[in-house]
Amino acid sequence: MESVERIESLASRPEVQVLANPGHSLVLEQVIHRFGEMVALKDINLEIRPGEFISLLGPSGCGKTTLLRIIAGFLKPSAGQISIDGQPVVNLSPNQRGVGIVFQNYALFPHMSVWDNVAYGLRAKRLSNVNVNTKVGEMLDLVQLGHLAKRYPSELSGGQQQRVAIARALAVGPKLMLLDEPFSALDKNLRLDMQIEIRRLLSAQGVTAVLVTHDQEEAMSMSDRIAVMSQGEIHQFDSPTQIYDQPKTRFVTTFVGTCNLLPAQIVGRDGADVLVQVAGGRLLVQSASLPSEQDLLLAIRPEHLRIQLQPGAHRLSGTVELCLPLGSFMVYEVRIDAATKLKVTQPRSPGVSPLEAGTEIYLELVSPQACSLFPAQA
Amino acid sequence: MKASQLFSPKEWQLALPLAFFLHLFYVAPLAILLASSFQQAPGVAGVSLAQYGNFFGDAVNRDVLVDTFILGVQVTLACLIFGYPVAYIYARAVGIWKTILTFLILLPLLTSAVVRTFGWVVILGKQGLVNSALLGLGVLQEPVKLLFTHHGVAIAMTQIQLPLMILPIVASISQIDSRLLAASASLGGGAWRTFWKVVFPLTLPGVISGCLLVFALTVSSFVTPSIIGGGQIMYMPTLIYQQAVVLLNGPFAAAISAILLVMVLTVVIGLSVLSQRSRAYIR
Ligand SMILES: Nc1ncnc2c1ncn2[C@@H]1O[C@H](COP(=O)(O)OP(=O)(O)OP(=O)(O)O)[C@@H](O)[C@H]1O
Ligand SMILES: [Mg+2]
């Protein structure tokens with residue numbers, strides 16, 4: 001919920017829309033990678049549009065860093081094709097790909113000043129001193145670190161180091177920017193500032209960016225699209241709101257945001273309308289794709305349930321067990337049978353007292369589309 | 001108050017036993033040695049610079065000092081040139097290769113310098129490995145003299161001191177974050193640029209420690225220069241031995257020791273200052 005607000009706050013910043021250049025596209029086709037016996041990436045397909053900011057989101061060990069290293073050229077995939085602007089790059093070495101990287105620990109050269117760090121890539125391109133100096137000055141101004149040019153990395157704060165790392169990577173004008181969990185070393189406030197800052201910088205430069213993260217809020221608030229990964233596979237590649245509202249697999253449903261999972265059986269259908277039997281009653285749902293299996297799981301987000309005090313059609317009966325006021329929301333835990341409890345969040349309005357534990361209530365879906373059905377066997 | 005609080009030594013107090021040991025067996029003898037170098041002659045009281053005058057007054061002695069210094073520099077440079085690539089390969093090796101290389105690098109340290117030196121006598125001799133090979137290949141018409149020459153000593157010393165150069169360099173290479181190398185590549189840096197601008201500067205502390213060890217141990221080594229040099233070429237340690245043990249001229253031997261000590265200390269301090277500087281930014 002917080003993330004949704006943040007998306008809006010980011011999108012409303014006018015700078016975000018300014019594109020300096022159209023950027024470059026990145027396409028991965030059937031990329032597979034094995035470490036010995038272990039298959040780290042299975043059949044990865046991604047099409048990233050020029051100037052797009054995408055996130056690879058997934059739990060630890062799902063292969064995010066491996067994929068990033070393959071894009072950068074530090075690892076050669078076991079199979080598959082990678083192209084930047086339509087040109088295959090699998091056989092290019094990292095220094096020929098024009099792919100900038102910001103590492104989790106920033107990997108600044110400790111023996112070089114901020115200035116020399118930013119100048120490194122420009123000197124590697126054999127630019128004249130005059131050009132190097134102009135560009136470094138420009139980059140340091142961009143990240144607002146001009147006054148710290150003479151410092152060494154060990155004399156900078158985490159946020160400053162990160163901005164140097166960004167400036168260093170941006171200075172050479174990379175076609176793509178890869179960011180491997182660049183915010184995980186920062187404290188929460190600074191992290192938010194830097195997320196906005198970096199998103200602004202990259203969008204202003206029109207650089208296509210791939211961010212690796214296991215923080216879903218970060219992915220939600222920063223990305224144009226998110227690729228949700230698990231165990232070497234991409235489960236869904238969609239915009240943050242689509243990922244949240246229309247998760248395609250059970251993994252995505254449970255990994256992104258909180259979700260109630262209910263064992264369910266289809267008892268009737270009429271066109272797109274499906275009547276499902278779950279513990280505590282029957283619900284009318286509309287699902288774009290209907291699994292053919294008999295045993296299903298119904299996934300409902302806590303905010304997609306509404307509490308009613310009267311029984312009615314398509315309502316589940318339950319008892320309030322616990323009630324937690326969380327800022328502008330109330331979180332209820334509702335028991336609908338011996339084995340099943342549901343989380344329900346309701347907006348809190350002033351003057352209305354929360355429901356007591358033990359109150360008999362009825363739950364309904366805010367809309368028939370506000371849920372998803374998956375096969376019970378993954 | 002608990003018992004542990006009654007006896008809770010400060011950190012510096014833990015170093016006391018070693019400090020005591022060093023003072024008794026190192027600092028005190030050194031002080032006595034230095035004091036005796038200011039004697040006019042064995043057993044004569046009073047302070048004089050006569051021994052130092054004797055040393056620097058004789059061209060032969062001055063040559064020995066210079067030769068020793070040159071030997072130290074040559075061996076140090078040779079160890080650096082041969083040792084750095086080995087250290088680099090070692091730090092990057094994995095699996096069975098690492099084990100094999102560890103063994104090969106450490107093996108020389110595990111055998112006595114005397115044994116290794118006699119090995120070199122066999123290799124460098126007139127009918128030795130080097131000459132036989134070069135003669136056999138037709139590179140040489142007659143054997144080149146290596147044994148009992150400065151070059152022979154330098155070659156043997158290089159092999160003997162090599163591990164002391166390799167180990168500190170290995171330590172500093174393996175401390176380098178591999179992401180720095182990745183960062184360099186992603187910025188367009190090729191292999192050479194990455195090596196000279198990133199790897200080498202970051203291994204300078206290791207290089208300097210290696211140089212320190214090799215230099216200090218080379219100019220003060222006795223066995224190899226005496227055997228390979230065959231008593232025909234003199235270095236400071238052989239000169240000290242001759243004066244102290246053969247000619248029984250204690251004060252003169254003490255003065256030579258002091259001069260050698262000053263030479264080593266000068267180089268050590270010089271290199272340490274460099275190393276401090278290079279370490280300051282490598283954190
Ligand atoms: N060099 C390697 N050799 C063998 N297995 C590896 C190697 N590198 C990674 N793996 C394995 O590949 C899988 C994916 O690793 P990867 O580093 O890509 O995960 P990740 O998604 O980045 O996780 P995290 O969020 O913890 O960084 C893991 O199971 C890991 O153990
Ligand atoms: Mg990772």
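Scope of the values below: all heavy atoms of this structure, side chains included, with no hydrogens, waters or symmetry mates. Here is the naming used below: chain letters follow the sequence lines, and residue numbers restart at 1 for every chain.
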A:V99 versus chain B, the contacting section by heavy-atom distance below 4.5 Å
backbone
With sequence neighbours left out, write down each residue that passes side-chain contact (heavy atoms from CB on, under 4.5 Å) with A:R123, or none if nothing qualifies.
A:W115, A:D116, A:A119, A:V132, B:R193
Under 4.5 Å from any heavy atom of chain B, what part of A:L108 do you find: side chain, backbone, both or neither?
backbone
Contacts satisfying ring-ring contact (aromatic ring centres under 6.0 Å, His included) that involve residues 78-98 of chain B (not counting sequence neighbours) are B:Y84-B:F195, B:Y84-B:F200, B:Y88-B:F195
If you tally heavy-atom pairs under 4.5 Å between each of A:V172, A:L178, A:I101 and chain B, the highest tally belongs to A:I101
How would you list, in number order, the residues of residues 155-163 of chain B that have a heavy atom less than 4.5 Å from chain A?
none
Please classify the contact between A:R168 and chain B as side chain, backbone, both or neither, with a heavy-atom cut-off of under 4.5 Å.
both
Measuring heavy-atom distances to chain B, does A:F109 have an atom under 4.5 Å in its side chain, in its backbone, in both, or in neither?
both
Nearest heavy-atom neighbours spanning B:V198 and A:Y120
CG2-OH, 3.6 Å
Is the count of non-hydrogen atoms from other residues, nucleotides or ligands lying under 6.0 Å from A:R34 atom CZ greater than 12?
no
Within residues 172-191 of chain B, contacts to chain A at heavy-atom distances under 4.5 Å involve B:D177, B:R179, B:L180, B:A182, B:A183, B:S184, B:A185, B:S186, B:L187, B:G188, B:G189, B:G190
Counting only heavy atoms not in A:Q96, do more than 12 sit closer than 6.0 Å to its CD atom?
yes
